[in-house]
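Side chains are part of it too, since the values below use all heavy atoms of this structure and drop only hydrogens, waters and symmetry mates. Quick note on labels: first sequence line is chain A, next is B, and so on, each numbered from 1.
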Number of protein chains: 2
Amino acid sequence: MVTQSEISEQQRVDRVFRALADATRRDIVRRTLHAEASISELAADYDMSFAAVRKHVGVLEAADLVARTPRGRERIVRGNPETIRRAMELLGHFEQIWRGRVDRLDALFAEDS
Amino acid sequence: MVTQSEISEQQRVDRVFRALADATRRDIVRRTLHAEASISELAADYDMSFAAVRKHVGVLEAADLVARTPRGRERIVRGNPETIRRAMELLGHFEQIWRGRVDRLDALFAEDS
DNA sequence: TGATTGTGTAACCATTTGGTTTCATGTTAG
DNA sequence: CTAACATGAAACCAAATGGTTACACAATCA
C-alpha cells in the first residue's frame, strides 16, 4: 500500500509561501533555477553551517520549489519553475477579485450618471 | 526627527510571503479585496477568538497586504492590491531567470547542430 | 587501503508563531 | 447615563522554526 499522507491543497500553498518567506531560501531558488548545484556548492556561499543549508533545501523540496536528485555522492538541486508559476497564478486570482470589485464600483457610478 | 525604523527590502518581502503562508490570512486578504470589512465582521466567520483574528490582521497590515482605517468604533480593513502585484512581479523575476537558462541551453544546442 | 568529501540526521537551544484568556478603553445605542 | 459593542493589548502557553554541534555512512581520490 502506498500511503499518500493526505495533505490538503491549503497546506500545500502554505508550504510554498512559507518556503519563500526566507531570503536564503529565495536565493537558493534563484540560483538553482539559473543553474543546478550540489548542496555543498550552495552551502559554500552562505554564512551558516552545511546542516542549516541542508534544512533550507529540505523546506524548499517539501514545497516542491526544488527537486533533489543523486549524482555520485552529491545531491543535485534544481529549481522547479512550475511551482513558482502556480504561486503566481494564485496571486493573480487575488488581483482578479480586486478588479471585480472595481468593475462593480464602476457599474454603480454608471447607474448614478 | 522621523525615526524610520530601518527595515530592509528583504525583510519586507519576507513579511509578505510569511503573511500569505496562512489560510486564514489569505482568506482575509481575499475577502477584503472583494469588499471592506470591520475586524469583528471578519472574526465572526472564523473558528477562533477575536484576539486571534486581530493578530492575523496585524500581520497582514505589517506586510502592507491590508490597510486599517477607523470608522466610528470600528476599524475597517481593506486589501491592498499593490502589494499583491509586487509579490507577483517578484515571482515573475524567478520565472525569467529560468527562461534565461532555457535560452542558454537552446543556444548550446544550436551551436551543436 | 585509507583519507577526504558530500550527505543525512539526531539532539539541543533560543526565538517566533499562533492560539488562548483577561482586562482596559473608546464609541454608540436606548 | 448606562449598557452593549468594537478594539487594543498584555500575559501566558505549546508548537514550529532556524540555527548549532556532533556523528555515521557512502562515494571518490590518491
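- In this structure, B/Ser40 reaches the sugar-phosphate backbone alone: every heavy-atom distance under 4.0 Å involves primed, P, OP1 or OP2 atoms, never a base.
- At distances below 3.5 Å, at least one donor-acceptor pair connects side-chain atoms of A/Arg25 with backbone N or O atoms of A/Arg18.
- Residue whose closest nucleotide on DNA chain D sits further toward the 5' end, between B/Ser38 and A/Val53: B/Ser38.
- Note: OH (B/Tyr46) to P (C/dT20) measures 14 Å, nearest angstrom.
- Using a 4.0 Å heavy-atom distance criterion, A/Arg71 is classed as making no nucleic acid contact.
- In this structure, the CZ atom of A/Arg73 is 6 Å from the P atom of C/dG6, given to the nearest Å.
- Rounded to whole Å, the distance from NE2 on B/His56 to P on C/dG19 is 4 Å.
- The CD1 atom of B/Ile7 sits 6.0 Å away from atom CZ of B/Arg12, with the distance rounded to the nearest 0.5 Å.
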Might you work through the side-chain contact (heavy atoms from CB on, under 4.5 Å) test for A/Thr32 and A/Leu42, ending with a clear yes or no?
CA-CA 9 Å; A/Thr32 58; A/Leu42 293 172; 4.0 Å; yes

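- The nearest whole Å value for the distance from the CG atom in A/Asp22 to the C1' atom in D/dG19 is 11 Å.
- A salt bridge links B/Arg26 to A/Asp14: at least one charged side-chain nitrogen sits closer than 4.0 Å to a carboxylate oxygen.
- The side chain of A/Arg18 places an N or O atom within less than 4.0 Å of a non-bridging phosphate oxygen (OP1 or OP2) of D/dG18.
- Atom P of nucleotide D/dT7 and atom CD1 of B/Ile39 are separated by 5 Å, given to the nearest angstrom.
- In this structure, A/Ser49 does not reach the D/dG19 phosphate: none of its side-chain N or O atoms is under 4.0 Å from OP1 or OP2.
- Under 4.0 angstrom from either OP1 or OP2 of C/dG8 there lies at least one side-chain N or O belonging to A/Arg54.
- Distance, B/Phe50 CZ to D/dG8 P: 6 Å, rounded to whole Å.
- B/Trp98 carries A/Arg85 over the face of its six-membered ring, with the cationic atom under 6.0 Å from the centre and within 45° of the normal.
- DNA chain C is contacted by both A/Lys55 and A/Ile76; A/Ile76 maps to the nucleotide lying nearer its 5′ end (nearest heavy atom per residue).
- In this structure, B/Leu60 places its CG atom 13 Å from P of C/dT17, rounding to the nearest Å.
- Interface remark: the A/Arg75 side chain does not form any donor-acceptor pair with the C/dT7 base, using a distance-only criterion of under 3.5 Å.
- Atom C1' of nucleotide D/dC5 and atom CD of B/Glu74 are separated by 10 Å, given to the nearest angstrom.
- At the phosphate of C/dG18, OP1 or OP2 sits under 4.0 Å from a side-chain N or O atom of B/Arg25.
- Counting only heavy atoms from C-beta on, B/Met48 has its side chain closest to C/dG19 among C/dT21, D/dT21, C/dG19.
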